[in-house]
Number of protein chains: 2
Amino acid sequence: MTGIRQLADYLDISIGTVSRALNGKADVNEETRRRVLEAAEKLGYVPNQSGRSLRKGSTGVVGFMMQTGPEITSQGDAFFMSVFDGVQTVLSRHKLDLVALLCSSNEDPYAYLQRTVARGFADAIILSATRRNDARFELLHRHDIPFISLGRSLTDVGQPWIDLDFEGMAEVAIKRLIKAGHKDIGIIWPHGDLNLGYLFADRCREVLAEHGLALSEDHIFRAKPSEAGGYAVAHEIASRFPRPSAIVLVNEILVTGLYKGLEDAGVKPGKDIAIIGRYSPQTQFLSPALTCFTLSLRDLGISLAEHLLSVMPAYQSNYVGQTSRVIWPMTLIEGTSG
Amino acid sequence: MTGIRQLADYLDISIGTVSRALNGKADVNEETRRRVLEAAEKLGYVPNQSGRSLRKGSTGVVGFMMQTGPEITSQGDAFFMSVFDGVQTVLSRHKLDLVALLCSSNEDPYAYLQRTVARGFADAIILSATRRNDARFELLHRHDIPFISLGRSLTDVGQPWIDLDFEGMAEVAIKRLIKAGHKDIGIIWPHGDLNLGYLFADRCREVLAEHGLALSEDHIFRAKPSEAGGYAVAHEIASRFPRPSAIVLVNEILVTGLYKGLEDAGVKPGKDIAIIGRYSPQTQFLSPALTCFTLSLRDLGISLAEHLLSVMPAYQSNYVGQTSRVIWPMTLIEGTSG
DNA sequence: ACTGCTTCCGAAAACGATTACGGTCGTATG
DNA sequence: CATACGACCGTAATCGTTTTCGGAAGCAGT
């Protein structure tokens with residue numbers, strides 16, 4: 001491993017000058033800078049991360065926290081891979097690197113986050129899968145770590161967030177179904193204590209109430225966020241009496257299993273029961289075509305990164321004046337399922 | 001941020017003793033150790049990562065390199081999340097953390113890897129999506145970084161690897177199809193320059209040859225590793241003349257689109273054309289049921305981690321004697337598609 | 001009282017980078 | 001000629017740990 005010392009010896013100058021040359025400081029002759037850059041390239045020198053960040057107090061990495069395990073995320077990794085890509089393109093312009101902080105399913109997320117921030121692992125954090133009351137927000141706030149969350153929470157410490165417009169989705173979906181004559185609309189509640197579940201259900205209730213309808217407790221179904229979960233809940237739905245005539249759901253993974261489960265139970269999607277959901281690469285080939293909501297994941301990632309930079313002291317100058325909270329719109333793809 | 005200095009001042013002892021107490025060294029009175037541990041807990045002290053790894057020369061993190069972007073990974077949604085989970089459970093026993101190193105789609109993977117290893121970011125690396133000739137192997141070998149790859153390559157620097165048994169899969173699948181009377185078998189070539197494509201195709205050819213059959217070049221189809229790619233290639237297959245009577249493919253994402261594409265083209269999977277593929281959560285609800293190969297992703301992750309530890313000098317004592325190369329078996333799930 | 005062992009702890013040197021500070025040149029200015 | 005100044009670069013302190021080394025204190029044996 002070649003360090004700055006070797007590089008300095010090779011060039012027969014001091015390490016101070018080498019460092020200054022590499023970091024683009026003013027006090028260095030252009031000719032020397034050129035020589036340093038050249039030699040660094042030749043010897044394959046890259047500043048050691050630990051040394052640099054110990055001195056600078058910052059690491060140059062942004063962490064995206066996510067939980068591993070087969071049934072944890074409500075999103076597939078195709079989801080995150082696209083978001084990551086958007087985040088990266090912005091961060092790389094500032095010489096920042098994105099890494100995914102992987103919290104294993106048998107470790108407490110709060111404890112995990114605490115450990116990683118106390119270690120000083122990342123300069124900033126992106127949180128996802130936000131809960132109804134998310135203690136992680138307070139933790140990061142207390143430690144004064146810049147962060148942004150993909151998703152709102154009742155817990156609010158003033159950080160920026162971006163959240164998908166689940167309320168808008170509820171509104172459009174419910175109104176569409178009502179217009180089509182449905183009076184008995186059910187929903188599938190996203191798993192766990194995710195905040196989006198409450199936002200979505202509440203708005204559904206409101207819109208239904210505006211039309212003199214109600215969301216029956218019997219028509220709120222729970223399912224694990226997986227294909228198998230969708231299949232399982234399908235049978236519940238099929239056998240519930242009275243059976244809802246339409247289902248709206250926010251999880252894009254469930255729907256594949258849901259379709260199959262309903263069919264197996266003799267309830268034809270789009271005919272015996274209307275379905276409105278979220279787009280994913282998997283849903284595009286369902287038949288009947290799923291009526292669903294979609295968004296540009298890459299753009300979402302870009303926006304996440306930009307808003308995050310706006311709260312990072314060392315970078316914010318470039319991004320002042322951004323609105324700090326964004327409700328990310330989704331667009332409706334009209335299918336024949338509902 | 002409370003450092004070891006504050007902790008030492010608080011306890012009125014030296015930082016050396018604090019460090020020794022925390023790291024479980026022998027030379028420290030049990031009573032003092034207890035006091036230190038207690039105070040550390042109380043003040044919420046966690047050793048600073050940069051300082052520690054600068055001194056120790058190791059970071060305690062293992063990186064799993066992957067490329068971001070919507071159409072990069074050849075694996076399905078839950079694939080990596082499950083593998084990660086397995087890796088984690090082993091690593092956490094050794095106080096190692098797993099992070100995903102996210103290489104953006106517009107950066108050269110080799111350059112990215114070079115940068116991160118030179119920075120000393122991770123103690124060890126797990127590589128995936130190995131190419132036919134993978135230069136990253138030589139890079140890591142040159143820098144003497146312990147690593148393991150999920151997948152073989154013609155490039156071999158003596159590192160351990162684990163690879164799915166694509167050859168076994170080819171053998172079982174082809175023989176099964178031949179037994180069912182198929183003489184015109186086609187395959188879908190995995191995208192890009194992934195080594196598994198060659199392994200798989202070569203073995204298919206061999207097995208066919210053993211039975212006096214050949215793999216026609218016209219029956220090797222190329223597709224992007226996405227649902228849409230599967231849909232697109234379906235039309236190619238349907239319109240090829242002569243059309244193969246069976247298709248074997250190793251990519252589990254493609255198959256959803258493939259089914260739909262074939263149906264839309266009037267070619268019924270399992271009836272007009274046999275299909276054998278790989279299991280994923282998405283494939284389990286296809287009809288006719290997909291004949292496919294499956295494996296325990298979590299166990300795969302566990303094994304990856306164990307074999308990686310066996311080449312990490314600081315940890316290998318626990319795992320000596322492991323075979324360093326593993327062909328990971330897959331089991332056949334008999335469906336009605338082929 | 002002296003020596004020889006433990007047992008425990010403090011002092012200080014690393015690790016590899018960044019950066020404040022000061023020193024050495026030339027050159028220009030009075 | 002003396003002084004001032006700017007351009008450039010070297011020296012050394014610093015970040016927070018770990019770890020080596022040696023010292024102090026206590027105790028046992030002679």
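Quick note on labels: first sequence line is chain A, next is B, and so on, each numbered from 1.
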(request) Locate the shortest heavy-atom distance separating M65(A) from S128(A); write the atom from each residue and the value. (result) O-OG, 3.6 Å
(request) Applying salt bridge (Lys or Arg N to Asp or Glu O under 4.0 Å), name anything that partners E107(B), two or more places apart in sequence or on another chain. (result) R115(B)
(message) I'd like to know whether D123(B) forms a salt bridge (charged side-chain N to carboxylate O under 4.0 Å, His left out) with K56(B), so could you lay out the CA-CA distance, the side-chain angles of the two residues, the decisive distance to 0.1 Å, and finally the verdict.
(response) CA-CA 11 Å; D123(B) 291 349; K56(B) 302 225 302 182; over 6 Å; no
(request) Check whether any side-chain N or O of S92(B) sits under 3.5 Å from a backbone N or O of Q88(B) as a donor-acceptor pair, and report yes or no. (result) yes
(message) Below 4.0 Å from chain B heavy atoms, what is the first contacting nucleotide of DNA chain C and what is the last?
(response) dC8(C) to dG16(C)
(request) State, without any angle test, whether D85(B) and S104(A) hold a side-chain donor-acceptor pair at a distance under 3.5 Å. (result) no
(request) Would you grab the first and last nucleotide of DNA chain D (5' to 3') that comes under 4.0 Å of any non-hydrogen atom in chain B? (result) dG16(D) to dT20(D)
(request) Look only at the side chain of Q6(A) and the backbone of G3(A), and say whether a donor-acceptor pair between them is shorter than 3.5 Å. (result) yes
(request) Sequence neighbours left out, what passes side chain to side chain donor-acceptor pair (under 3.5 Å) with R35(B)? Give chain and number order. (result) none
(message) Please enumerate all residues that pass side chain to side chain donor-acceptor pair (under 3.5 Å) together with R33(B), with sequence neighbours excluded.
(response) E30(B)
(request) Please work out which residues in residues 47-57 of chain A have a non-hydrogen atom less than 4.0 Å from an atom of DNA chain C and list them by number. (result) P47(A), N48(A), G51(A), R52(A), L54(A), R55(A), K56(A)
(message) Tell me whether R119(A) at atom CZ has more than 12 heavy atoms from other residues, nucleotides or ligands lying less than 6.0 Å away.
(response) yes
(message) Please check this pair: side chain of Y112(A) against backbone of Q67(A), looking for a donor-acceptor N/O pair closer than 3.5 Å.
(response) no
(request) Using a cut-off of 6.0 Å, state whether more than 12 heavy atoms not belonging to H143(A) lie near its atom NE2. (result) yes
(message) Between S303(B) and L300(B) (side chain of the first, backbone of the second, donor and acceptor by atom type, cut-off under 3.5 Å), is there such a pair?
(response) no
(request) Tell me which residues in residues 21-35 of chain A put a heavy atom below 4.0 Å from DNA chain C, sorted by number, or none. (result) N23(A), K25(A)
(message) Expected output is a numbered-order residue list: members of residues 3-19 of chain B with a heavy atom under 4.0 Å from any atom of DNA chain C. What is it?
(response) I13(B), S14(B), T17(B)
(message) So for the helix from dA1(C)-dT30(D) to dG30(C)-dC1(D), with five pairs setting each end axis, what is the inter-axis angle to 10°?
(response) 70°
(message) Holding to side chain to side chain donor-acceptor pair (under 3.5 Å), I want the full list of residues that pass it with D27(B), two or more places apart in sequence or in another chain.
(response) none
(request) Name all residues meeting the salt bridge (Lys or Arg N to Asp or Glu O under 4.0 Å) criterion together with E31(B); count only those two or more places apart in sequence or in a different chain, and write none if there are none. (result) R34(B)
(message) For R152(B), is there an ion pair with D134(B) - N to carboxylate O distance below 4.0 angstrom?
(response) no
(request) Sequence neighbours left out, what passes side chain to side chain contact (heavy atoms under 4.5 Å, CB included) with S53(A)? Give chain and number order. (result) Q49(A), T59(A), S50(B)
(request) Please check if any side-chain donor atom of N195(A) sits under 3.5 Å from a side-chain acceptor atom of T130(A), or the reverse. (result) no
